[in-house]
Each structure stands twice: as C-alpha cells, then as structure tokens.
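See structure below.
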There are 2 protein chains.
Amino acid sequence: MRTRGPRRPGTQTLSRRQQIMRAGLAVFSSAGFHGASLRDIAARAGLSQAGLLHHYPSKERLLRAVLSWRDDKACRRLGDPPPDGLDLIHRLAERPTAASAREFVQLDVIVSAEGTSADYPVHGYVLERHARVLEMVRRSFERAAAAGELRPDIDCATAARIVVALMDGLQLQWLFRPDAADVEGDVRRCLQPWLTTGL
Amino acid sequence: MRTRGPRRPGTQTLSRRQQIMRAGLAVFSSAGFHGASLRDIAARAGLSQAGLLHHYPSKERLLRAVLSWRDDKACRRLGDPPPDGLDLIHRLAERPTAASAREFVQLDVIVSAEGTSADYPVHGYVLERHARVLEMVRRSFERAAAAGELRPDIDCATAARIVVALMDGLQLQWLFRPDAADVEGDVRRCLQPWLTTGL
DNA sequence: GTCTATATACTGATAGAC
DNA sequence: GTCTATCAGTATATAGAC
C-alpha cells in the first residue's frame, strides 16, 4: 500500500502514475495517438515498454488515462466552485502558466484533430468533450444574459459556438507563434460588442 | 507523352496523378501523416506501394504534393482575380460544396495540428501557410478599412487573428457536427459589429 | 511505369522469470 | 511490479525483372 499513496509534497520522487502521465502527455501531445510509441513513453517514464503495459494494458487505454488526467487538472484549475457567467468564459481563455502548458494545449489540438475521424480510438470521447464544452459555455452565456450583462439581441447558442471556435483557433495560433498571439485579449475584444457595459 | 497530358473532360479514367492525389487526400485527411500508410494510399490509387513510390519518392514528398495540389485547388476556387476586402473574407468562410469537401477540411485541420510540432516532416510548410493566411486576411481588412467599410477603431491585425481563429475553430465544429455548425453565418455575425454598415 | 521480392526497422502486445 | 525475450504484424524504402 505504501507505494500507492501520494508522496509528501516537495519530495523529489514522483508516483509511477505521475511519471507515466507526464511522459504520455509529452509524447501524445507532440505526435498524437498515431505517431506516439509506447516504447518512447515508457523510456521517458523510466521503465520498460512491458512495464508500462502492466499499468495500462493498451495504447488506447493509456491515452484515455492521460486525457482524463488532463480533464481532472483542467477542472481543478477552474477552482471550486467554478466561476459563473462571463467570469467562466474569461477564465477559459486564460493560458495556463505551468511549464507544461504548451503540452496541454497541443494535446488538446492534436487529439481534437485526430478525433474528427470516426475510427479514431477515442473518437467518442473527443465528440462528447466537444459537446460538453460547447454546452458549458452556452450556459455561461445564459447566466450572463439573465444577469443583464448581455445585449438582448445576442443568441446564447451562437455566442457559445463563436467563442469556443475562437478559443480553439487562437490556441492553434498560440502554438505557432506564442509571441504573436493574444488569446485572452482577442477573446475579450470579440466579446465586447455583445456586452451591455458601455466601454 | 500521351500518358502525361490531361484526358478529355468527361472521360472515365483519371490521370495517375489525379488518382494518387485523391487517394492521398482520403488517407492523409483521416489519419494524418503519422497514421497514414503508403500501402493504403497505393491500394486506393490502384497500384502497388512500390509503384506509388516511383511517382513520389517518399511519404513526406507525397504529403507535400497533396498539400500543394490542395493549395492550387483552393486558389482556383477563389477565382481569378481573387476577390478583395470583405468579399474575400466572406468567400473564405464558404464551405466547399464538392463531395470531397469534408476531406479537404479535415486535411487542413489534422495537418495544422500535427504541424505544431517542430519535428513534423512538413512543419515549415504548415508554419508558413499559417502566416500567409493571416497576412492575406489582414490585407483584406486593410482594404476594407481604406474603403470605409470598417469602423475606424478596429485594428486590422487583431481582426485578422480573430477571424482566422474563428474559421479554424468553426471548421472543427463543422467536422464534429455538420448539421449544428454554421461556419458562414457565424463568421458574418462575428464580423457585423465591426462594420460601418448600419444593419 | 509497374510489378514482385526483399531489406531493415519498428510497432503493440504477450509470456514467463524474478 | 518490473524485467527480458519474443511474436506477429506492419512500416518505409530499395533492388531488379519486365
């Protein structure tokens, strides 16, 4: 049991799970599912390929684990309770600041792209996540509308589609040219004309 | 020489190049560079893998050929001379109507995503294309601004970043749910508040 | 220009020792 | 829980006949 529990914070060693998730993130994010190799991930996690498959019995299951690990982190980053209305939308547009930020963004971009194929191993997951995000943003707009922060002629579903698309596209631009992109600012500027606040 | 020239329109047979480009489009668009196999592409084009490599000496060169073939078609679709100002932007937001439309969109999405990695075989091409599109849209906004169609407080570089990102993101949404997406309409709605036209 | 055959390398996954 | 060894499959690319 001792090996399963999380180590004291500040300790040098990471749990096996942490090591594997980080290695999986690094490899899947830069090569996608198709381009990634279990041997590469295993080596980065400090164990053999067979050792890796002991923890996650297939490449697909490993990717699923990395994705749900990512989802957990993303949820936790939003805070508890998560923000509401326009606050949530601005929060989603903030780039994470950790050193692994780029990897998380890249993982999202590449898995989303690969996941558009119906025969992708985690196609269903990608589809559902896309719908879930869209729905979450739509609800946020509806809360904002109920609070009178949104101009009454704005359709919440449309606004959600536009903002989510914008974030996805700006993420890509940020990956290509981190210095030339301004994710948070551009989202804010796109949003502005829809708001009731005078500015 | 006879085999090189394009066949009479309406003829059943396609040139080898056409066959290979179409097969490459189909496979690369659904699996990306990493997930595609030359054998698969060759089989769809109706020849052996070695036969395919006679025309394009490596997988990378084949992808390059498919991408520049795609670029040619995209350019030609814009018309000659290409539209200007806001017309160009609205034109870019129109989905192509051919049966292979989905494949072209998917190729763009997956190659862009894979291409964010610095060690991707055609990373340089993807990067340059991204910059080229952004620049083209920025110029279009500047022409529109010069024609007085744009509100004077709109920054053209910002508008270009936002519109390009929006198109990329809406493309992705269209791939996931073709019925629920409205690429052309959403671009128009996002653009509207920036225009001088009263509506 | 197209083929078969092959070289060489790597893939995901399994078996079994420790 | 981790390893070595291995299997069967597939990959890209090349050689050489036709």
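The chains referred to below are lettered A, B, ... by the order of the sequence lines, with proteins before strands, and numbering in each begins at 1.
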**Q.** Distance, rounded to the nearest Å, where Ile20(A) contributes CD1 and dT2(D) contributes P
**A.** 7 Å

Q) So with a 6.0 Å cut-off around CZ of Arg102(A), is the heavy-atom count from everything else above 12? A) yes

**Q.** Distance test, side-chain N/O of His54(A) to OP1/OP2 of dT2(D), below 4.0 Å
**A.** no

Q) Roughly how many Å is it from OH in Tyr56(A) to P in dG1(D), rounded to a whole number? A) 11 Å

Q.
Any donor-acceptor pair under 3.5 Å linking the side-chain atoms of Gln192(B) with those of Arg188(B)?
A. no

Q | Side-chain donor-acceptor pair present, Gln18(A), Arg22(A), cut-off under 3.5 Å | A | yes

Q. Can you say whether the rings of Phe176(B) and His130(A) are parallel (under 30°), tilted (30 to 60°) or perpendicular (over 60°)?
A. tilted

Q. When the nearest nucleotide of DNA chain D is assigned to Glu60(B) and to Ser48(A) on a heavy-atom basis, which residue is associated with the more 5' position?
A. Ser48(A)

**Q.** Those residues that, when tested against Thr158(B), pass side-chain contact (heavy atoms from CB on, under 4.5 Å) (two or more places apart)
**A.** Asp186(A), Arg189(A), Asp155(B), Arg161(B), Ile162(B)

(Q) Heavy atoms within less than 4.0 Å of DNA chain C: which residues of residues 23-32 of chain A have one? Give them sorted by number. (A) none

Q. If you draw a 6.0 Å radius around CZ in Arg139(B), do more than 12 non-hydrogen atoms from other residues or ligands fall strictly inside?
A. no

**Q.** Phosphate OP1/OP2 of dT2(C): any His55(B) side-chain N/O under 4.0 Å
**A.** yes

(Q) I'd like to know if Asp108(B) and Arg129(B) make a salt bridge, using a cut-off of under 4.0 Å between side-chain N and carboxylate O. (A) yes

Can you name the atoms? Protein N/O to nucleotides 8-12 of chain D N/O, anything below 3.5 Å, with the distance.
{"from": "dA11(D)", "atom 1": "OP1", "to": "Ser37(B)", "atom 2": "OG", "distance (Å)": "3.2"}
{"from": "dT12(D)", "atom 1": "OP1", "to": "Ala36(B)", "atom 2": "O", "distance (Å)": "3.4"}
{"from": "dT12(D)", "atom 1": "OP1", "to": "Leu38(B)", "atom 2": "N", "distance (Å)": "3.2"}
{"from": "dT12(D)", "atom 1": "OP1", "to": "Lys59(B)", "atom 2": "NZ", "distance (Å)": "3.4"}
{"from": "dT12(D)", "atom 1": "OP2", "to": "Leu38(B)", "atom 2": "N", "distance (Å)": "3.1"}

Q) Rounded to whole angstrom units, what separation is found between the CD1 atom of Ile41(A) and the C1' atom of dC10(C)? A) 15 Å

Q) Does the pair Glu135(A)/Arg138(A) count as a salt bridge with the N-to-O cut at 4.0 Å? A) yes

